[in-house]
Each structure stands twice: as C-alpha cells, then as structure tokens.
Amino acid sequence: MSNNFVSAPRLSEGSDRDLSIDSTLCELPLYSFDVPTSCLGTEIARVFDKYPRLPGAILLDNGNFAGMISRLRLLEYLIRPHRLELFLHKPLHVLHTYTRSDVLVLSDNTPILAAAPHALRRSPQFLGEPIVVKTEPNTYQLLDIHELNIAYWQIRGIETQVRYERTQAQMIQSEKMASLGRLVDGVAHEILDPVGFIWGNLTHVSMYGDSLMQLVSAYEKYLPELPSEIEELKEDIEFDFLQQDLPRAIESIKTGAERLKKLVTSLQNFCHIDEVYPKPADLHALLDSIVLLLKSRLSSEIEIVKNYGNLPPVPCFAGQLNQVFMNIIINAVDALLNEAVHQNFAMEFQGKLQDDSAGKPRIEIITKVCSLDSVNRGNEASSRWVSIKIADNGPGLSVNAQNQIMESFSIQRRGEKETSLALSYRIVTAKHGGKFLMRSQLGIGTEFEVLLPLI
C-alpha cells in the first residue's frame, strides 16, 4: 500500500488570546490527521513513531467520518501476543472493527468548562482517549485529553479568582453603602433639627400674624379717619394684599416644611442599618417612603395607585426590604418611561399612538394578608403570609426575557453577575424565608409579588 494514502498531520495553534471563562474548544491546539480506512496499520504506526505527540487519527470511509483510532488503542492491540502480524499489515478497518468504541464528538464552539465534564463521564477505559472536535461540516480534528484538562483547570483557577475579586468588590461596596447610609442618616438628622425649629415656630408665627391683623382691624374700627402718613404707608406696603396673602404664605411654608420632614424621614428609613435580628416594621410606611424618594423619577403621566390592606407589623430587615421595593418600582418606572418614549416616537412619525388601550401609565401596589393555596403549596397552606404586589401596565416581558430573569436567580448566574432583581430575590428568599414571584404578559404588563411569612 502506498504512503500517498496518508498525509502529514497538522496542528492548529488555537487562539492567541488568553483563556477565559467563555473559551471554547476551537481556542485549543487541535490535530488534523485524516486517514482512509483502507490504509495499512504499518503506515499509521510509522506516522505515530515520527510524531510522538499525535494522539490519534481520524478514519474516513469514502471521505466520510467513520470513527477515530487513538495511539493508545493502536499500541494496545499491536503489543498483544499474536496480534502484531494479524493487524499490522491489514487495512485499518479490520483493526477498527476490533477496537470500535464510543467516540466523544463535540462541536468546536463547546465551552471548555462544559467539555471537560463530558470527557470525565466516559467509561474508565476510555478516559485517556482524545476527543473528536467537529469544526465544520465533514471536518473533524483531534483534541488531546491532557490539553483539555490543563485548559479546564486553568479556567477554573481564573473563575475562582474572578469570583474572589467580585466577592471582595461586593464586600467593599457593601461597606461603602453602609458608611454612606450612616453618613446620610447623620445628615438627615442634622436637617431634621432646623426643620423642627421651623415647624415648631410656624404655629406661633401664624398666631402672631392673626393677632396683629386683629389689632389693626380694631384700630381701623375705632379710628376711621387715619392720618395721611398711615394711609400712605398702607399703600406702600400693599396692606390689603398683605392681609390676604400672609395666611397663604404661612400655610405654604407649613406644607414645604412637612414635605421636607417626610422626605428626610423617608431617607432615614431607606438608609436604615439593619440589626442582626429582624424587627417588626410597618410595610406601608416603607412603601410610602420609597414612592416619596422616587417622586423625582415619576413623571406626571405615571399614576401610583395604592390598595393597602390591613397589615400587622411584619418581622423583617427593613433596610433590605426597602432595597427590594426600590428595585421593583424602579424597574416598573423604567418600563413605563421606555413605553412612553416609544409611544411619542410613533405619534411623531406615524401621526398616531401605537396602542391606546392600556390607558394612563400606572403602577399599582396591593397589600394583604393571605394563606397559600393548599393544592399548590402543600403543607404551607396553614401558614399566614403577607402579600405585596407591585404591578405596572407597561409593555410586559417576552417569554425569553422572563426566562433570562428567572435564570439570573440561580446561584450560577448570580456568581457571574448579580442583577437588582436577583439581589431582591436573594433578600426575600434567603434572608426572610419568603417567596419572590414574577408574572408578565406582553401588552398587559408585569407584576412582582413578594410573600413574607407571618410568625
């Protein structure tokens, strides 16, 4: 048999970039060595002798993939007694018939972190066999199992380092937020003191103003003919307007002071540093605080509807629940604002709204005490839960978007990147033993429900 049947092996150097968590098999060194099944065993033996790092050969039958024979498998059969003459001068398809085994074939875009576990699940006698990598239709290459294992552990080391650095960054960020919370709490306390002075003295100022007006009225009653100097002074200061506007000005100052006091109190509640153990909290006060803090982001078009039920104080970590409510409401606001932009764009360029059936943008907050369905929840039916639903009438989420959000709740995804909703899920489920549910429908809107157990 002529050596023309066998071409020299080629080794691709793989990618020149450093391996990462997302690296695939095409970035590793791959061997290209195709031989027809009619080739003699002696020819393959010569090639293996010349290229000691070559892990095996791809067998082709009339140009089609027929399997793989590894260096280890070939030598194993040739060194057995009475096998050398039987196989060495026979075509490879004879040897392949005896050595036929399950060959692991993977696509070249298979992640290295997924390929290594596949290889390790093979039978013990095949753990040292190379892997066949399919790069193109009818194009196959070989990957040395040792190259795969080395790359796998390199990436696992990178992954561990990335997670460590991310954990360190999260710890630093948490410490920053805690320090910022303490700072804001101190600033809010300093603001509350002068606001208290203003609020406390407004009552006296209002009483003093009323008393002075009564005094002036009494003077006018008993002195109908006022001196010209007093008449000129009344005209200069616009006394009639002052008499009407002073109560309104005082009332306006009261309203401003009250709003500032509520805002600072809401800021203090949001920056609350949680204790080691949960404490009873008024969830309605928490929700009102979040809505007040987000007032600057709520455009006049967005309506907030509150349907509050009768809730008892709920044992919880108030500061963390504040973050959950903030994340959910911000997501709802973003969805409604994006939809408003799309509607305005459609109206500007198409002359009409795309869909006016949804009505005014709205965020609805519903709270109540409930018992979970015994059919769906099993033994949890006898327990009492607090339900907080935050729903919007925005565009809704596609099935793919919903799946991505649900996947972000998994531990693996949170290790890669923790989103605001994933953080909310962890706070509700891990820290409070509750449930974090999501429902969405295109064209209808999205609803998040937080269920907290009542002890």
Side-chain angles (χ1 to χ4, degrees), residues 20-27 106-118 134 137 155 159 162-163 166 170 294 297 299 301-302 323-347 349-350 353-366 373 376-377 387-430 434-451:
S20 66
I21 295 175
D22 299 323
S23 291
T24 59
L25 296 181
C26 64
E27 299 180 39
L106 299 175
S107 172
D108 62 341
N109 59 7
T110 303
I112 295 174
L113 290 180
H118 274 295
K134 186 176 182 180
I155 294 176
E159 185 181 29
V162 168
R163 289 187 175 180
R166 184 176 290 119
Q170 289 176 347
L294 292 177
R297 294 201 59 186
S299 63
E301 292 84 10
I302 299 179
Q323 187 65 59
V324 172
F325 298 147
M326 174 78 80
N327 292 340
I328 296 175
I329 296 177
I330 284 179
N331 272 276
V333 171
D334 289 342
L336 293 174
L337 292 179
N338 290 337
E339 180 66 11
V341 171
H342 294 158
Q343 294 283 0
N344 292 336
F345 179 84
M347 184 170 59
F349 287 92
Q350 300 177 12
L353 292 175
Q354 289 180 333
D355 183 11
D356 196 30
S357 61
K360 185 176 182 179
R362 184 181 71 256
I363 297 175
E364 185 175 11
I365 305 175
I366 305 172
D373 184 6
N376 297 326
R377 306 295 183 177
S387 168
I388 305 100
K389 294 181 181 179
I390 302 176
D392 64 72
N393 62 342
L397 299 172
S398 65
V399 175
N400 185 40
Q402 293 182 54
N403 290 337
Q404 289 180 358
I405 293 176
M406 297 304 294
E407 288 177 2
S408 71
F409 296 165
S410 65
I411 297 177
Q412 294 80 3
R413 291 290 184 181
R414 290 206 305 268
E416 297 174 6
K417 181 180 180 181
E418 188 166 52
T419 63
S420 61
L421 292 178
L423 175 62
S424 302
Y425 175 87
R426 182 164 59 87
I427 290 174
V428 172
T429 57
K435 300 181 183 298
F436 189 81
L437 308 176
M438 179 185 68
R439 308 174 188 94
S440 185
Q441 187 175 352
L442 285 175
I444 303 298
T446 303
E447 176 185 277
F448 288 93
E449 183 178 11
V450 175
L451 288 166

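In this text the structure is predicted, and so the values were computed from the model without any measurement.
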For Ile112 and Leu25: C-alpha separation, side-chain torsions, deciding distance, then whether side-chain contact (heavy atoms from CB on, under 4.5 Å) applies.
CA-CA 6 Å; Ile112 295 174; Leu25 296 181; 4.3 Å; yes
Nearest 0.5 angstrom please: [X] [atom1] to [Y] [atom2], how far?
X      : Y      : atom1 : atom2 : answer
Tyr425 : Leu437 : OH    : CG    : 9.5 Å
Ile388 : Phe325 : CD1   : CZ    : 4.5 Å
Gln402 : Gln441 : CD    : CD    : 9.0 Å
Leu113 : Ile155 : CG    : CD1   : 5.0 Å
Asp334 : Ile329 : CG    : CD1   : 12.0 Å
Ile363 : Leu294 : CD1   : CG    : 8.5 Å

Give me the atom names and distance for the closest heavy-atom approach of [X] to [Y].
X      : Y      : result
Leu106 : Ala115 : CD1-CB, 3.7 Å
Ser387 : Glu449 : OG-OE2, 2.7 Å
Thr446 : Gly396 : OG1-CA, 3.7 Å
Gln323 : Leu423 : CG-CD2, 4.5 Å
Ala114 : Pro117 : O-CD, 3.3 Å

Is Asn393 close to Leu336 at the side-chain level, that is, under 4.5 Å between some pair of heavy atoms?
yes
Close side-chain approach of Val450 to Ile328, heavy-atom, < 4.5 Å
yes
Please test Met438 against Leu421 for side-chain contact (heavy atoms from CB on, under 4.5 Å), starting from the C-alpha separation and ending with a verdict.
CA-CA 10 Å; Met438 179 185 68; Leu421 292 178; 5.6 Å; no
Could you work out, with ring-ring contact (aromatic ring centres under 6.0 Å, His included) as the rule, every residue matching Phe448, not counting sequence neighbours?
Phe436
side-chain contact (heavy atoms from CB on, under 4.5 Å) between Asp392 and Ile302, worked out
CA-CA 10 Å; Asp392 64 72; Ile302 299 179; over 6 Å; no
Show the numbers, then the answer: is there a side-chain contact (heavy atoms from CB on, under 4.5 Å) between Thr24 and Asp108?
CA-CA 7 Å; Thr24 59; Asp108 62 341; over 6 Å; no
Might you work through the side-chain hydrogen bond (donor to acceptor under 3.5 Å, both in side chains) test for Asn109 and Ser107, ending with a clear yes or no?
CA-CA 5 Å; Asn109 59 7; Ser107 172; 2.6 Å; yes
After noting the C-alpha distance and the side-chain angles of Glu407 and Asn403, does the key distance pass the side-chain hydrogen bond (donor to acceptor under 3.5 Å, both in side chains) rule?
CA-CA 6 Å; Glu407 288 177 2; Asn403 290 337; over 6 Å; no
